[in-house]
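In what follows, a single structure is set out as structure tokens and then discussed.
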Protein chains: 2
Amino acid sequence: MPANIPATTTVKPTAQSTTKSTAKSAAKSVANPPKVTIEVVAKRAGVSKGLVSFALNNRPGVAPETRVRILQVAKELGWKPSLRARSLSTQRSYALGLVIARNPDVLASDPFFPSFIAGVESILAPEGRALVLSVVPDEETELKTYRSLVADGRVDGVFLSDLRHGDPRIPLLAELGLPAVTLGRPDGPSPFPAVTVDDTPGVMASVAHLATLGHRRIAHVAGSSTLLHGSRRRAAFAAALREAGLPEGQTVETDFSVGAGSDATRRLLTQDTPPTAIVYANDPMAIAGLGMAHELGVRVPDDLSITGYDDIDFCRYVYPPLTTVSAAPMAWGRAAASTLLALMENGSADDVDLPAARLVVRGSTAPPHG
Amino acid sequence: MPANIPATTTVKPTAQSTTKSTAKSAAKSVANPPKVTIEVVAKRAGVSKGLVSFALNNRPGVAPETRVRILQVAKELGWKPSLRARSLSTQRSYALGLVIARNPDVLASDPFFPSFIAGVESILAPEGRALVLSVVPDEETELKTYRSLVADGRVDGVFLSDLRHGDPRIPLLAELGLPAVTLGRPDGPSPFPAVTVDDTPGVMASVAHLATLGHRRIAHVAGSSTLLHGSRRRAAFAAALREAGLPEGQTVETDFSVGAGSDATRRLLTQDTPPTAIVYANDPMAIAGLGMAHELGVRVPDDLSITGYDDIDFCRYVYPPLTTVSAAPMAWGRAAASTLLALMENGSADDVDLPAARLVVRGSTAPPHG
DNA sequence: TAGAAAGACTATACCGGTTTAGTTTCCCCC
DNA sequence: GGGGGAAACTAAACCGGTATAGTCTTTCTA
């Protein structure tokens, strides 16, 4: 039953022809194995349940032979301590949380999270931890979600992705006392360890690559500047231009969505003096840009060079294949998970800097014709 | 702490240069609010805790005025029943599970799950349920994951996606007594309700559309035939050809991945008599096919028409925009979640048939040039 | 008007672990 | 050989709810 339901109309037996009946009843009543609890193990081993608990948790004060015997009995009986009981007494849930606040469209076209999550899982699963995922539509709901995750004790720690400027989640989580790991370094003070893949070098390398090819009018289709990585990539873009001795480039801000990337591209290319190269803040937008270029009859890479960011699978298979920057979301997930576990175990954890994202040159970049 | 940890060093300050310190200590010690439990509410309302529980759960046997008073007190004190305690005594977790067994690459390029999950969440969140997500690399791990989800009591029910022929998960879950909902109708007997978006009409419509345009050599890049929707779309393709009075078409089986889609396309197009149209089993492969066509100098849609399946965001923005079949993963997620909740509440739930996927005609299909 | 039945509520067992406060036993040492 | 202390273990409280059995009124019934 839901938390405290006024009208539990949740589900009323639709009186229709219900050929289906749940598997529960059938299956559960058959075997009905005599639940083995810590009590049973204790009795069988001839000790108190407290001692079984001690033995299980490797605590001092248990004679070596006794410990062995207890564990032996536990194994024989196939006993696994009840997560629920343990949760109640330890006040922990043995689960970690990830809250994603994104427009479903943007989320859907962005392959970051599936890979990231796969990485996270590869660490959590062997540790017996679960991942609780929330996908919420807006920031307000997001904060509420964190509050209720804590209130319900659903998770022992969370991953903080898509950092924003002056991110309100950081003080919130600090106040709630919920351990967290940030994906990237926040711009303000933070009590949490950061696991970072520096994206600046990758973006700068993209620009440098284009400059070396001879491009002088390079534009940037940036992501949302409220997002830290959005504005950071934008800053890296600007810095790289300066470094290359090029004039300031045009920048169009978007929300990272495919549609916005397409629109931005149209705007850039339909000017009197369009850029000869565009650096996109992510791959989906770059791919949309490629489509738009085709539509406008602008040839890539002959008339226009483009670069993306993320190196999603698609990049290799669009035509021409996309020059992009390769982050490693799966490794990122692994590192973030390890760090969060360490933080929870030790009460502190060091920041982790993963290898910076690298430029991968493919066919979408070439010297400008002129 | 892991399941059974050697040293219960829960939280010791690692003596390293720890500029970070966990937020826990700091935050928690400040306020330290005197935990409000059911006991406190009971005392304050001058009743027993049992009665508070009854009032909360809308059970008979509580005088109306008393109920009101209790709930009033509960609200004043800001009491929310402890999920953990409740879990222990009700033997439920108030969470639902989704286990995804996919190659991370395939998963990453497939926007189905993010959208589906967003739909699921929109139903679960208001009900106070959480979603536990597992991403596993292979089938063996997948089955193990279900077992341990049940053993740990992590979830009260699960979503079964990517149905396979003679899917082993169905008997397993039945045996485990875990309520489930299948996404689509399984091919064997199943005790579980199915929530279905029929994909056959969409695929048939694609073929019909191509046939109407005048195509006679239509090929199919199919998904894995171990997957039900893979082989079903393939069957629909074949049926549609027959219905249109066309000869059997070439079919290449893939694993649904972008790379495989690309390879399959190359193989098809480099034959002596290549097809004039290709029906892809999903959009990512179609997009890869588009790229390959470009690479081979095959113009779309002039020399080759292509169609996809799913109507992912990209379709509108590649060039030419992709004719595809629009499923509605978010609505699917909502329906699946509602059905699973209903099943758990009532012990049974009816199958749900969502509106069949529809063909969306865009620029990637045109009459074959003669 | 006794007696049964219903209604409101309490006391308490229970879920299955962890943890603290004792208790026993054994050993060491002066 | 008696006191001190550590080691090994037990008993019971505790986490915070739910559920069951039972108590005490009040009301309906025969």
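We name chains A, B, ... by the order of the sequence lines, and we start the count at 1 in each one. Below, each value reflects all heavy atoms present in this structure, side chains not excepted, and no hydrogens, waters or symmetry copies. Because the structure is a prediction, the values reported are computed rather than measured.
Nearest-nucleotide positions on DNA chain D for Thr90(B) and Leu88(A) put Leu88(A) closer to the 5' end. With DNA chain C read from its 5' end, the first of the two nearest nucleotides for Ser53(A) and Gln91(B) is the one closest to Gln91(B).
Direction change of the helix axis from one end of the helix from dT1(C)-dA30(D) to dC30(C)-dG1(D) to the other is 50°, with five pairs defining each end axis (rounded to 10°).
Cation-pi geometry between Arg129(B) and Tyr94(B) is not met: the NZ or CZ atom fails to fall both under 6.0 Å from the ring centre and inside 45° of the normal.
What you find for Asp351(B) and Phe192(B) is that their closest heavy atoms are OD1-O, 4.4 Å. Annotation for Pro191(B) and Ile170(B): closest pair CD-CG2, 3.9 Å, computed over non-hydrogen atoms. When every heavy atom of Leu163(A) is checked against every heavy atom of Arg169(A), the shortest pair comes out as CA-NH2, 3.6 Å.
Applying the salt bridge (charged side-chain N to carboxylate O under 4.0 Å, His left out) criterion to Glu39(B), with sequence neighbours excluded, gives no partner residue. Under the rule for a salt bridge (charged side-chain N to carboxylate O under 4.0 Å, His left out), the partners of Lys80(A) that lie at least two apart in sequence or sit in another chain are Asp152(B). Residues passing the side-chain contact (heavy atoms from CB on, under 4.5 Å) test with Arg44(A), sequence neighbours excluded: Val73(A), Glu76(A), Leu77(A).
Summarising the geometry, the separation between CD on Glu65(B) and C1' on dG7(C) is reported as 12 Å, rounded to the nearest angstrom. To the nearest angstrom, P of dC15(C) lies 16 Å from OH of Tyr94(B). For the pair Lys35(A) NZ and dG16(C) P, the interatomic distance rounds to 4 Å; values are reported in whole Å.
No salt bridge links Arg69(A) with Glu65(A); every basic N to acidic carboxylate O contact stays at or beyond 4.0 Å.
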Using nucleotides 8-11 of chain C, report all nitrogen or oxygen pairs with the protein that are shorter than 3.5 Å.
unit_1  : atom_1 : unit_2   : atom_2 : d
dC9(C)  : OP1    : Thr66(B) : OG1    : 2.8
dC9(C)  : OP2    : Ala63(B) : N      : 3.0
dC9(C)  : OP2    : Thr66(B) : OG1    : 3.2
dT10(C) : OP2    : Ser48(B) : N      : 2.9
dT10(C) : OP2    : Ser48(B) : OG     : 3.2

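Remark: Arg86(A) is in phosphate contact with dT18(C), judged by side-chain N or O atoms under 4.0 Å from OP1 or OP2. Between Arg84(B) and dG17(C) there is no side-chain polar atom (N or O) within less than 4.0 angstrom of OP1 or OP2.
Of the possible donor and acceptor atoms, one in the side chain of Arg67(B) sits under 3.5 Å from a partner among the backbone N and O of Ala55(B).
Looking at Val132(B) and Leu96(B), their side chains never come closer than 4.5 Å, going by heavy atoms from C-beta outward.
Within the model, atoms CZ of Phe116(A) and CG of Leu183(A) stand 4.0 Å from one another, a figure rounded to the nearest 0.5 Å.
The span of DNA chain D lying next to chain A, judged by atoms under 4.0 Å from heavy atoms, is bounded 5' to 3' by dA8(D) to dG16(D).
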